[in-house]
Colleague: 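Submitted below is the structure of interest, expressed as structure tokens.
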There are 2 protein chains.
Amino acid sequence: MATTGQATGGRGDARLSEKGIYTAALRLIDADGVGALSMRKLAAVLGVNPMSLYHHVPNKAALLRGVKNLVAAQFQPQVDGGTWQEQLYRFASDFRALAHRHPNLIVHSLASPDFIEPEDPFWTGLTGVLTSAGVPATEVAPVGAVLTSLFSGFLLAEMNGTLGRLAAMQPAPGRAGSGAASGADADGNGSFELAVQTLIAGLEAHLPPATAR
Amino acid sequence: MATTGQATGGRGDARLSEKGIYTAALRLIDADGVGALSMRKLAAVLGVNPMSLYHHVPNKAALLRGVKNLVAAQFQPQVDGGTWQEQLYRFASDFRALAHRHPNLIVHSLASPDFIEPEDPFWTGLTGVLTSAGVPATEVAPVGAVLTSLFSGFLLAEMNGTLGRLAAMQPAPGRAGSGAASGADADGNGSFELAVQTLIAGLEAHLPPATAR
DNA sequence: ACCTGAACACCGTTCAAGT
DNA sequence: ACCTGAACACCGTTCAAGT
């Protein structure tokens, strides 16, 4: 017991692999946030000299990108049956479930410029839904970009606590924040419903009138 | 010429004030981003020993909060005439204009948990618009929270370049990204319109049917 | 009261040396 | 090929000392 992190055997035998580094880093991020991840701490957890990491990962930015890709690969959205509205709802639900699994990583990734890449199942899935909704081919990317940015903001605010804090604010300066009064939206599910219904309503309004199907 | 930053006189005479520190920090952030701001660099720009800053600001987190409040105070939304839809549109436009003035700071602030505070003109302005739209008093805060999170995501993605990058993606893997093809939305104004219309449509759908006025 | 130098406990990363 | 120790150029922050 009290082993040096995930080291399979003793200490000093360094079995370093790119994927092993990423998963160890992800565990640190899940536990303490991206801010608490350092090359030196990661090396300590792996029972290895800090410099050894640089033989498998060029630098810290690449490390974070690798971790991000590790969890991005887990995202396999199920968008099949139903109307495009139902598909979009399921798509958003799946993404939100992934975010809840690794909130610290998601908070960091959503705020950084290169979170979504063209090959990500996220982007291919979303463009598929938009196409089936009747969005013209030339508009799929710009419309998808706007919907992505809006929904990312929702997830970011939910993960870092901003959403809950704002939702609990009292409009009048009368009695100061008494917390969750009227059986409010403690788990954020109501906020999620409203956010997704907003995106759907916006897309419906943007589509040519006859395409409701 | 070639003075030590903004030092009014020579060097060594340290005229430090809380506001002077914040404005100097804001200039550094505007120039190089929050990541490039350090207590030591800030002190160098002010022509002062790094430790002197700690007599006016408790730590770096408080420094960033002070800078944020400095620009948050600049936000004076003009929400008067017109329908609530027009008010919401103007409100979003004003906020976006502020974000364009200090993109580096906004990117950092939108991603951090304590950007918006109850007394901020941002929150009071938004809740005012929602009330005039007919949102019941108990729903103003939760609805405002969702709209804020969605719109923050749009601004964040616009500021850090994600929006433009996604919008330029080609849906089919045919010919790789040829850049702005069909006179696209280079300045993001079209994306902004779509984002705000989406928020308005979502709010309209959420309101009780007769409240369109 | 305010400023400062030295110091502590960290960072990411390079490089020459080991095996 | 992979690992390592020493070193460089940074951080934020504490503390005792100066004026």
Side-chain angles (χ1 to χ4, degrees), chain A residues 4-29 31-68 104-105 108-109 112 114, chain B residues 3-29 31-68 104-105 108 112 114:
Chain A
T4 327
Q6 70 159 5
T8 23
R11 173 217 67 265
D13 57 342
R15 59 190 99 274
L16 273 275
S17 76
E18 214 174 338
K19 184 164 179 190
I21 290 174
Y22 293 151
T23 60
L26 177 58
R27 197 151 37 210
L28 283 182
I29 291 171
D32 299 319
V34 175
L37 173 70
S38 75
M39 301 296 275
R40 293 167 124 109
K41 262 188 250 179
L42 177 58
V45 161
L46 289 168
V48 129
N49 186 288
M51 301 313 120
S52 305
L53 299 175
Y54 286 90
H55 289 275
H56 303 89
V57 165
N59 50 43
K60 193 182 181 180
L63 172 67
L64 285 170
R65 188 156 23 90
V67 176
K68 183 264 287 175
N104 291 337
L105 177 70
H108 174 267
S109 297
S112 69
D114 52 355
Chain B
T3 75
T4 328
Q6 69 161 4
T8 25
R11 172 217 67 262
D13 54 343
R15 60 190 97 277
L16 273 276
S17 77
E18 215 174 335
K19 184 164 178 189
I21 290 174
Y22 292 151
T23 59
L26 177 57
R27 198 151 37 212
L28 283 181
I29 290 171
D32 299 318
V34 175
L37 173 69
S38 76
M39 300 297 274
R40 294 168 125 107
K41 262 189 247 176
L42 176 58
V45 161
L46 289 167
V48 129
N49 185 288
M51 300 313 121
S52 306
L53 299 175
Y54 286 90
H55 289 274
H56 302 88
V57 165
N59 50 45
K60 193 180 181 182
L63 172 68
L64 286 171
R65 188 155 23 90
V67 176
K68 183 264 288 175
N104 290 339
L105 177 70
H108 173 267
S112 67
D114 53 354

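Within every chain, numbering begins at 1; the chains are lettered A, B, ... in the order of the sequence lines, protein sequences first and strands thereafter.
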Colleague: Provide, to the nearest angstrom, the distance between the NE2 atom belonging to A:H56 and the P atom belonging to D:dC3.
Modeller: 5 Å
Colleague: Which residue pairs satisfy the side-chain hydrogen bond (donor to acceptor under 3.5 Å, both in side chains) criterion with at least one member in residues 58-68 of chain B, sequence neighbours excluded?
Modeller: B:K68-B:E117
Colleague: Over all heavy atoms of both residues, which pair between B:P50 and B:A43 is shortest? Give the atoms and the distance, please.
Modeller: CA-CB, 3.4 Å
Colleague: Could you pull out all residues at least two apart from A:L42 that satisfy side-chain contact (heavy atoms from CB on, under 4.5 Å)?
Modeller: A:I21, A:A24, A:A25, A:L28, A:L37, A:L46, A:L53, A:L63
Colleague: About how many Å separate CG of A:L64 and OH of A:Y22, when rounded to the nearest 0.5 Å?
Modeller: 10.0 Å
Colleague: Using 0.5 Å steps for rounding, measure from the CG atom of A:N49 to the CZ atom of A:R40.
Modeller: 9.5 Å
Colleague: Give the rounded distance in Å between these two atoms: CG of A:N49 and P of C:dC15.
Modeller: 17 Å
Colleague: Whole angstroms only, please: what is the CG-C1' distance between A:L16 and D:dA1?
Modeller: 13 Å
Colleague: Please state the C1' separation for the pair D:dC11 and C:dA7 - nearest whole angstrom.
Modeller: 14 Å
Colleague: For a stem of at least 3 consecutive Watson-Crick or G-U pairs with distances under 3.5 Å, i pairing with j, i+1 with j-1 and so on, which stems involve DNA chain D?
Modeller: C:4-8 with D:12-16, C:12-16 with D:4-8
Colleague: Just by protein heavy atoms under 4.0 Å, how would nucleotides 8-14 of chain C read 5' to 3' in B, S and -?
Modeller: ---BBBB
Colleague: So, OP1 or OP2 of C:dT4: does either fall under 4.0 Å of a side-chain N or O from B:S52?
Modeller: yes
Colleague: Using atom types as modelled and distance alone, determine if a side-chain donor or acceptor of B:S52 lies under 3.5 Å from a backbone N or O of B:V48.
Modeller: no
Colleague: Between A:G20 and A:S17, which heavy-atom pair has the shortest distance, and what is it?
Modeller: N-OG, 3.0 Å
Colleague: In this structure, how many angstroms lie between the P atom of C:dG18 and the NE2 atom of A:H55, rounded?
Modeller: 15 Å
Colleague: Are any non-hydrogen side-chain atoms of A:D32 and A:N104 less than 4.5 angstrom apart?
Modeller: no
